[in-house]
There are 2 protein chains.
Amino acid sequence: MSEDIYGEGPLKIYWRNPLHSDRRIVVCENPDIDEAVNRLNEAFSEKRVVIVVGSCWVDYRGRASSKLEPGERIVIVKEDGAVLVHRSKGYEPINWQPSGCILQVFKEEDNLVIKAVKRTPHEVVTMFFDRIHFLSTFKLVDEGEFSLYASEEDMQRAILAEPSLIEDGFKPIDYERKVKPGFVDVYGIDRDGRIVVVEIKRRTAGKEAVLQLAKYVETLRRSLGREVRGILAAPEISRDARQLLLSLGLDFRRVDPKKCSELLRRKEERRIVDFFYHP
Amino acid sequence: MSEDIYGEGPLKIYWRNPLHSDRRIVVCENPDIDEAVNRLNEAFSEKRVVIVVGSCWVDYRGRASSKLEPGERIVIVKEDGAVLVHRSKGYEPINWQPSGCILQVFKEEDNLVIKAVKRTPHEVVTMFFDRIHFLSTFKLVDEGEFSLYASEEDMQRAILAEPSLIEDGFKPIDYERKVKPGFVDVYGIDRDGRIVVVEIKRRTAGKEAVLQLAKYVETLRRSLGREVRGILAAPEISRDARQLLLSLGLDFRRVDPKKCSELLRRKEERRIVDFFYHP
DNA sequence: CGTGCCAGGTGCCAT
DNA sequence: ATGGCACTTGGCACG
């Protein structure tokens, strides 16, 4: 029976059963404070993921500080020590601690206290529970790969692979080139041999992007002592950014992140086809 | 017995029991796909909060697109439709949907499919589960107030309440004053009657902050046709931001967000004392 | 470690 | 809807 725990079959749920130390899922409904303390201590020491649903209040002290008055929330503690306090609405946690914090759990005046401490910067999140509706701890097996497409990095790679996305005759020389402080996304020469700086934005470019580009162009113009063109590559440009761009003598080139991602995929497919079917 | 559901006593957990339509917490371990579909449909229609732990893969298409290969994760769906897919590590969800999206749940090829669709921009997150270890749905009662201290807003209020934080003789006239595009944090006159623009940052100010301040100063200088001073108020300023600041003839004033928050608290206490004990 | 910069940023509030 | 901006922004890459 206990062999199933290690097998590939459906996960077993053990109910208030402390005997199987490597069981994968533990669920307690309405545990008392002492039981919760025990469960959490064992979960933290075994780096298990924890979900607590209950009535709590939360203090935070660190770069800023905050106070959350009592209410029912979901608290998640991950195996790397990341802590999330979620209310019933919204994308963002109301309180949190990024990964790498140290966890303590104890009972104090009939409340369950979970303390999450991080240093540099020194920050403390303290959660007080006076009632726990539900507590679950488990190990998640997750080796699945995550791939994101149509990011700014995809745009950069696509431009390097297919420079005509910027303009005909454009030849990239370098990318992520350090300039003063900051990095030029792509750096190259145009069909007339002029130096070109390309600033890439994956969404509508604002004035900030234009100023960033202008800064690089100006810095390079001075250090090289010759003409430098600046091209802003983005799917869209805001009205006043366009105005500023023109007044600074810079260019805009419409580049769509999704098309970049598709272009890369096609190139990759062709590479694979070439590899397998080349005569 | 069913009266307890409405009472103030500990929440009841009903196990695979579809009869109590307003029970507050439902927990299913290892439900089959059909049961999960039913539970989720009822949860979404009743705007219950949902936690699913199981083996899933996730597709996202929208501003960008992403693919998450199979693995065990925690999925949370909140009562406003916010969706979070969390892996075993890290502060951030690996996939998500902000609040306000439309949810569908169905069975497809023996998998549970949860689809979360949002418009403007059109984005779709689709989660496929081939095994559900654990599913819980519930209503969270949460009216607790949240207060954040030592935010930029606290700094602004503190400077308005105690202008000497900027410099002796400084007199604020306005705040959040609209300038061209943008808002001046605090606007006033110094001891010599010169116009002063204050830009506040709650953490180390970088060049961006300096440029922001310079923009306001320049705009006001032109529109008023007279000298305008610019003061950057922040707990710290980065090295090259300081250099830039000096080259632009702007000033820096060290202001600590926590001290601002304490100052406000003291002022508030005094206000209350005055109110109760004034002769 | 600080500094710079991206993010599917999100959220809040303004016109 | 768009714009401007703060955020305990988090995260990464680099000096």
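Below, each value reflects all heavy atoms present in this structure, side chains not excepted, and no hydrogens, waters or symmetry copies. Chain naming here is simple, since letters A, B, ... match the order of the sequence lines and numbering starts at 1 in each.
Taking 4.0 angstrom as the limit, R203(A) places none of its side-chain polar atoms (N or O) nearer than this to OP1 or OP2 of dC6(C). In terms of phosphate contacts, R202(B) brings a side-chain nitrogen or oxygen within less than 4.0 Å of OP1 or OP2 of dT9(D). For dT9(D), the OP1/OP2 oxygens have a side-chain nitrogen or oxygen of R63(A) closer than 4.0 Å. Put simply, K89(A) has no side-chain N or O that comes within less than 4.0 Å of OP1 or OP2 on dG11(C). Using a 4.0 Å cut-off, some side-chain N or O of Y216(A) falls inside it from OP1 or OP2 of dC5(C).
Nearest nucleotide to the Y91(A) side chain, out of dT8(D), dC7(D), dT10(C): dT10(C). Here the nucleotide nearest the side chain of E152(B), chosen from dC7(D), dC6(C), dT8(D), is dC7(D). Nearest to the side chain of Y60(A), among dA6(D), dT8(D), dG11(C), sits dT8(D).
The number of heavy atoms from other shown groups lying within 6.0 Å of CD (E69(B)) is above 12.
In this model, no side-chain donor or acceptor of E208(A) finds a partner on the base of dG4(D) within 3.5 Å. Contact annotation: side chain of E92(A) to base of dG11(C), donor-acceptor pair absent below 3.5 Å.
Using modelled atom types, no side-chain atom of E199(A) and backbone atom of G230(A) make a donor-acceptor pair closer than 3.5 Å.
In this structure, the aromatic ring of W96(B) is positioned over the six-membered ring of the base of dG8(C), centres within 5.5 Å and planes within 30°.
Mapped onto DNA chain C by nearest heavy atom, E153(A) and I237(B) fall at different nucleotides, with I237(B) at the one closer to the 5' end.
Taking atom P in both dT8(D) and dC5(C), the straight-line distance is 22 Å, to the nearest Å.
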